[in-house]
Amino acid sequence: MQETIHILQKEFDNLNPEQKRAALHTTGPALVLAGAGSGKTKVVAVRIGCLIHQGVASHQILGLTFTNKAANEMKERVHKLVGENVVVSTFHSLGAKILREAIHYLGYAKDFSIYDEDDVEKLLRALSKELFGQDAKVDLKRARSLISQAKNGLPGDSEEDLKKLYELYRKKMKEFNAVDFDDLLFLPVELFREVPDALAYYQTRWPYILVDEYQDTNQTQYEFVRLLAGSSQNLFVVGDPDQSIYSWRGASIRNILNFENDYPGAKLIYLEQNYRSTCTILNASNAVIEKNSNRYEKSLWSSGEEGEKIQIFQAMSEREEAAFVARKIEKLKREGQSLTSFVVFYRTNFQSRVFEDELVAKQIPYTIVGGTSFYQRREIKDILSYLRLVQSPTDHVAFLRIVNLPKRGLGEQFISKVAQAASENQIPIGSIDTLPFPLTPRQKEGWSCFRGAINKLHEIKATNSLANLVRAAIHETNYLVFIDQEEETKSERRENLAELIVKAEEWSDTHEGGQLSQFLEEIALVTSTDVLNPNEERLSLMTAHNSKGLEFDTVFLVGLEEDLFPHINSKKSEELIEEERRLFYVGLTRAKKQLYLSFASLRHIYGRLMPMRQSRFLQEIPHEYKKVCR
DNA sequence: TTTGCACGGGTTTTT
DNA sequence: CCCGTGCAAA
């Protein structure tokens, strides 16, 4: 105990006056405007430490972040400071947790499934057919965005057909006992509004709330936090309007700008000293972000050293660009720098391909952060769908996905008859066994094979480990035979399945008595940066969006071309361009020591070779900070 | 009724 | 370049 107080005291003494003011905040609302690299994570941790030191029980403190990585980091830092565990969770995991406890008030059951983007899209496709017939011409993308916007408190499309689809979607999701990502926040807000006792319970449970990256909260998250903070108003939020990069997902910096109105008497704290980057990098970044007209004035300063100039590289093609980066990294690595001190940022996921090829050729180990994650791979989702159906027999989308997979001669017509029979007899689609209509011999065979597998899995779930359940889902269904038929040459999918078994084993080892439902939930809520492991000697590659909250000695920001970064879709308005500029700013400010910016004159887009021009953002960096590199 | 093949259309960013 | 969809054979 004495020792931890000592550590806390020491950390506190190291803070600058403004940081101390933040760390000492106890009750009531506070807004910390924290510029890039201004030490906000540290400040938040020390502040939690101080609260605990002053007698607040650790379980009364709730931290909210956007990624699991940020959550774990904060948890660990607090633990190091005061040796206690506080609840730090992502918005979405907290929503899931609350729903697991209280969703019955809203007419769902506790073992609900969580649908990802892919599941939602499949369901919408099916529902639009059901509503409007085969050749329905509903724009599914628009429908999807209407649904999301409606749940995030934004006005959406008002077309009749889309509204109908939205209504049906909500009805079916409830019937299937499934929720989507937006529901993980939307439904808790609904719960808080409709069940005052539930709200009161959670308000008492967490009287102290902290929110990280507040500039990226959307309307529903805003409501969620506002309701939870309740009358005590012990709400401490941290954010930076210049790093707001999720407006396309409904995030609004209004939440930051209106904070003082929403929470009267809020304490305002500005953290403007940057401890991360060299002056060159910081000044260049400041110059860029100042081009935004819609902006709250703020200027970051640093007492650090000047540092090296920013290196600009012009490549002939994307191939040459990748080769340049790989070569540089190889060289710097030989000079003794760790691969974990570098990073490659790009605007869109498809750009990672060329880099992968180049890194494989040069035998540089790497990790792609984000993109299609492990759990989104087809074979993994197939097997997980078996588990989902066993866990929740009402999970219609899981049923649809696997009933004829591997191929069992159970086609579209057959499946819709099963669905009809299930709903007429009020039996969950994953439980219906004997069918009240005639089957062809082939269907009879296929159906009994499918039911046999499902029944077997239920048995194994009751008696065996999670890893054995995963094994059984793969073997009882002859899934391996099926992939061998599909593509004889590639072993990648087999390896992924083996990896899934390993993950299930590891999970059982670290979660004693853990249930299948928990495993599935964790998988649904993994965030892309979770794969980052600083102990592994690997280079990371990721989109600029994924870079938020991270820092590296040397940053390679690539593909700086007009129509790519800024992206062509953002040319519709100046606001969108300004968001691209903020994204560029986020990328720049991740760098501690060195920054390499590159672009290609020719690039393959949709497989076609296109001439490219360098990004306007490059020109926005003043000359004195740049240097052409070859 | 299911399955296999050819075609055309579409790519931001993500919990 | 990858996917889902639309059309013709089994």
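Here is the naming used below: chain letters follow the sequence lines, and residue numbers restart at 1 for every chain. Computation of the quantities below employed the complete heavy-atom set of this structure, encompassing side-chain atoms and omitting hydrogens, waters and symmetry-equivalent molecules.
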Nearest whole Å is fine: how far is [N] [atom2] from [X] [atom1]?
X        : N      : atom1 : atom2 : answer
A/Glu121 : C/dT5  : CD    : C1'   : 13 Å
A/Ile147 : B/dT14 : CD1   : P     : 21 Å
A/Asp216 : B/dT13 : CG    : P     : 17 Å
A/Glu579 : B/dT14 : CD    : C1'   : 12 Å
A/Gln376 : B/dT14 : CD    : P     : 10 Å
A/Glu578 : B/dT13 : CD    : C1'   : 18 Å
A/Asp118 : C/dG4  : CG    : P     : 8 Å
A/Arg608 : C/dC2  : CZ    : P     : 16 Å

Determine the contact category for A/Lys141: base if any of its heavy atoms lies under 4.0 Å from a base atom, sugar-phosphate if only primed atoms, P, OP1 or OP2 are that close, otherwise nothing.
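Counting heavy atoms under 4.0 Å across all strands, the contact made by A/Lys141 is with sugar-phosphate only.
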What contact category does A/Asp116 fall into here, base, sugar-phosphate, or nothing, at under 4.0 angstrom with non-hydrogen atoms?
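The answer is nothing, as A/Asp116 stays clear of every strand by at least 4.0 Å.
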Considering only [options], which nucleotide approaches the side chain of [X] most closely?
X        : options               : value
A/His545 : B/dT14, B/dG4, B/dT15 : B/dT14
A/Thr348 : B/dT14, B/dT13, B/dT2 : B/dT13
A/Gln413 : B/dT11, B/dT1, B/dT15 : B/dT1
A/Tyr246 : B/dT2, B/dT11, B/dT14 : B/dT14
A/Asn569 : B/dT2, B/dT14, B/dT11 : B/dT11
A/Gln443 : B/dT1, B/dT11, B/dT15 : B/dT1
A/Phe181 : B/dT15, B/dT2, B/dT11 : B/dT15

Below 4.0 angstrom from OP1 or OP2 of [N], is there any side-chain N or O of [X]?
X        : N      : answer
A/Arg378 : C/dC3  : no
A/Thr440 : B/dT1  : no
A/Asn152 : B/dT15 : no
A/Asn349 : B/dT11 : no
A/Lys548 : B/dT13 : no

Compute both the distance and the angle, then confirm whether A/Lys548 meets the cation-pi test with A/Tyr246: under 6.0 Å from the six-membered ring centre, within 45 degrees of the axis.
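Cation-pi check for A/Lys548 and A/Tyr246: fails.
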cation_pi(A/Arg254, A/Tyr222) dist<6.0 Å, angle<=45:
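Verdict for A/Tyr222: no cation-pi partner in A/Arg254.
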Can you check whether A/Trp248 stacks with the B/dT13 base, using ring centres under 5.5 Å and planes within 30°?
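Stacking is present between B/dT13 and A/Trp248, given that their ring centres fall under 5.5 Å apart and the planes under 30°.
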Check for me: is A/Tyr606 stacked on B/dT11 by the 5.5 Å centroid and 30° plane-angle rule?
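Stack criterion met.
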Mapping A/Glu117 and A/Gly409 onto DNA chain B by nearest heavy atom, which one lands closer to the 5' end?
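Upstream on the strand: A/Gly409.
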DNA chain B: A/Phe414 or A/Glu580, which has the more 5' nearest nucleotide?
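Mapping each residue to its closest nucleotide by heavy atoms, the 5'-most match is A/Phe414.
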Regarding [X] and [Y], do their side chains bring together a donor and an acceptor under 3.5 Å, going by distance alone?
X        : Y        : answer
A/Gln215 : A/Glu213 : yes
A/Glu522 : A/Gln518 : no
A/Asp395 : A/Ser113 : yes

Lys/Arg-Asp/Glu bridge criterion (N-O < 4.0 Å) met for A/Asp563, A/Arg613:
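No salt bridge links A/Asp563 with A/Arg613.
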